[in-house]
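Accompanying notes for the structure given below.
Computed from heavy atoms alone, side chains included, the values below leave out hydrogens, waters and symmetry copies. One-based numbering, in listed order, for ligands and for the atoms of each. Keep in mind that this is a model prediction, so the values were computed, not measured. Counting from 1, the numbers follow the sequence of the chain as shown.
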Amino acid sequence: MALILGIESSCDETAAALVTSDGKVLAHRLAGQEEAHRPFGGVVPELAARAHVEMATPLVEGALADAGVTLADVDAIAATAGPGLIGGVMVGLITGKALAHAANKPLIAVNHLEGHALSPRLADRSLAFPYLLLLVSGGHCQLLLVRGVGDYRRLATTIDDAAGEAFDKTAKLLGLGFPGGPAVEAAARLGDAKAVPLPRPLAGSAEPHFSFAGLKSAVLRARDAAIYKPEDIAASFQQAVVDCLIDRTTRAIDIADGATALVVAGGVAANQAVRGALSGLAERSGLAFAAPPLWLCTDNGAMIAWAGAERFAAGMIDDMDVPARARWPLDPTAEKARGAGVKA
Ligand code: KG4
Ligand code: ZN
């Protein structure tokens, strides 16, 4: 059995965790930065990087103490090496490199998206490859066929905004606060999802790509019409996102060769309406359904430690000169989605 230390710092969460190769989370610590970014209504990269510098070492020390182990007991050190806000990624990766160098341990550079993609296997050790993954976070919205560790085929991506980004922008437009996803979900619970007519971008189109920019513009128009309650806009928006995710995932199920399970991961997977709708789709499609517990959906260190454990078991170790990357696709062979802007 191997013990892996994982470090995450790609966005606005600094996190460290200790996870064993048989899937036990011995410790996980996390420091959010909501207070620092709230006045700006979104993540400020420079503020995020500084907070990661302050928090990375204390969180690693805290996690080691919680687990009752020292660095000498660890078999490998896994750190997020991208994609993400480059300042933060560099802080976490350099912390991992320094610890690996000092303790003479192997370093594993983890793709943050692989952390999300494999997190359902930490939650459910019986989940086998290949599975169809809907990865919905603040930075990404993709459908992937997860064939094995390090082996991903991207079936679809967003041609503009990510789903989580749409939640965050809607929250900002409606004055619901930051972070946006949980705020919109809470407001939506009090509203009528049929009250505001909103579009379902790309619904019915042949390729399973996503688009959310038009939905955001429609939310802006609905707000400016000044005839709808914010809760009704929030509920109608959330329903539109759910409908888009279901329509596009239904299309992907047709082309996901060999998948026996539908899996959702990433921050937006914490949304109960999203989880419920996908679980229903899986059932109708004869697929098993898996979604990590909520704390494992949003960014955390355990998913990075777990991806590290899976890579370590496969002998995938990295050199000390492995770079930090702002962009790092899981499937380098995937073509750009037609109509896509720079984000895809
Ligand atoms: O995976 P994550 O923590 O960070 C990225 O890798 O992006 O995802 C963060 C995103 C944010 O956009 C946040 O608003 C969204 O996930 N999110 C939610 C919920 N909780 C977090 N969106 C909808 N409903 C939620 N309950
Ligand atoms: Zn993430």
Can you tell me the protein heavy atom closest to atom 4 (O) of ligand 1 and the distance? D299 OD2, 3.0 Å

Give a yes-or-no answer on whether the side chains of E8 and N300 include a donor-acceptor pair shorter than 3.5 Å. no

Mode of Q272 contact toward ligand 1 - side chain, backbone, both, neither (heavy atoms, under 4.0 Å): neither

Polar proximity ligand 1 side, G267 side, N/O cut 3.5 Å exclusive: yes

Shared ILVMFWY cluster between I7 and I4, side chains joined below 4.5 angstrom? no

Which of the atoms of ligand 1 are close to H116, meaning less than 4.0 Å from one of its heavy atoms? 1 (O), 6 (O)

Student check: side-chain heavy atoms of I317 and L107 closer than 4.5 Å: no

Whether P182 lies under 4.0 Å from ligand 1, heavy atom: yes

For R200, is there an ion pair with D243 - N to carboxylate O distance below 4.0 angstrom? yes

Testing the basics here: between A270 and E185, what is the closest heavy-atom pair and its distance to 0.1 Å? O-OE1, 4.1 Å

For atom 9 (C) of ligand 1, closest protein heavy-atom neighbour: G138 N, 3.7 Å

Quick test of your reading of the structure: of D12, L135, D168, whose heavy atom lies closest to atom 13 (C) of ligand 1? D168

Report, rounded to 10°, the angle at the Zn ion (ligand 2) between the two atoms NE2 (H116) and OD1 (D299). 100°

Tell me, which protein residue and heavy-atom name are nearest atom 22 (N) of ligand 1, and how many Å apart are they? G181 CA, 3.4 Å

If you define the side chain from C-beta out and look only at heavy atoms, does anything of V274 sit under 4.5 Å from L245? yes

Assess R121 against F129: is NZ or CZ under 6.0 Å from the centre of the six-membered ring, and within 45 degrees of the ring's axis? yes

Subset of ligand 1 atoms that lie under 4.0 Å from at least one heavy atom of E185: 24 (N), 25 (C), 26 (N)

Residue part near ligand 1, for H112, under 4.0 Å between non-hydrogen atoms: side chain

With heavy atoms of G139 as the reference, note each atom of ligand 1 found under 4.0 Å away. 7 (O)

Can you tell if the side chain of L18 reaches within under 4.5 Å of the side chain of L64, non-hydrogen atoms only? yes

Determine whether L143 and L135 satisfy the following criterion, side-chain contact (heavy atoms from CB on, under 4.5 Å), listing intermediate values before the conclusion. CA-CA 6 Å; L143 282 154; L135 200 171; over 6 Å; no

Closest to atom 24 (N) of ligand 1 (heavy atoms only, candidates N271, T170, T80) is N271

When you measure from the Zn ion (ligand 2) to the N, O or S atoms of H112, does any of those distances fall below 2.8 Å? yes

With only distance considered, is F167 within less than 3.5 Å of ligand 1 through an N or O on each side? no

When you check the side-chain N and O atoms of D66 and H28, is any donor under 3.5 Å from an acceptor? no

Please could you name the atoms of ligand 1 that G164 approaches to less than 4.0 Å, counting only its heavy atoms? 12 (O)

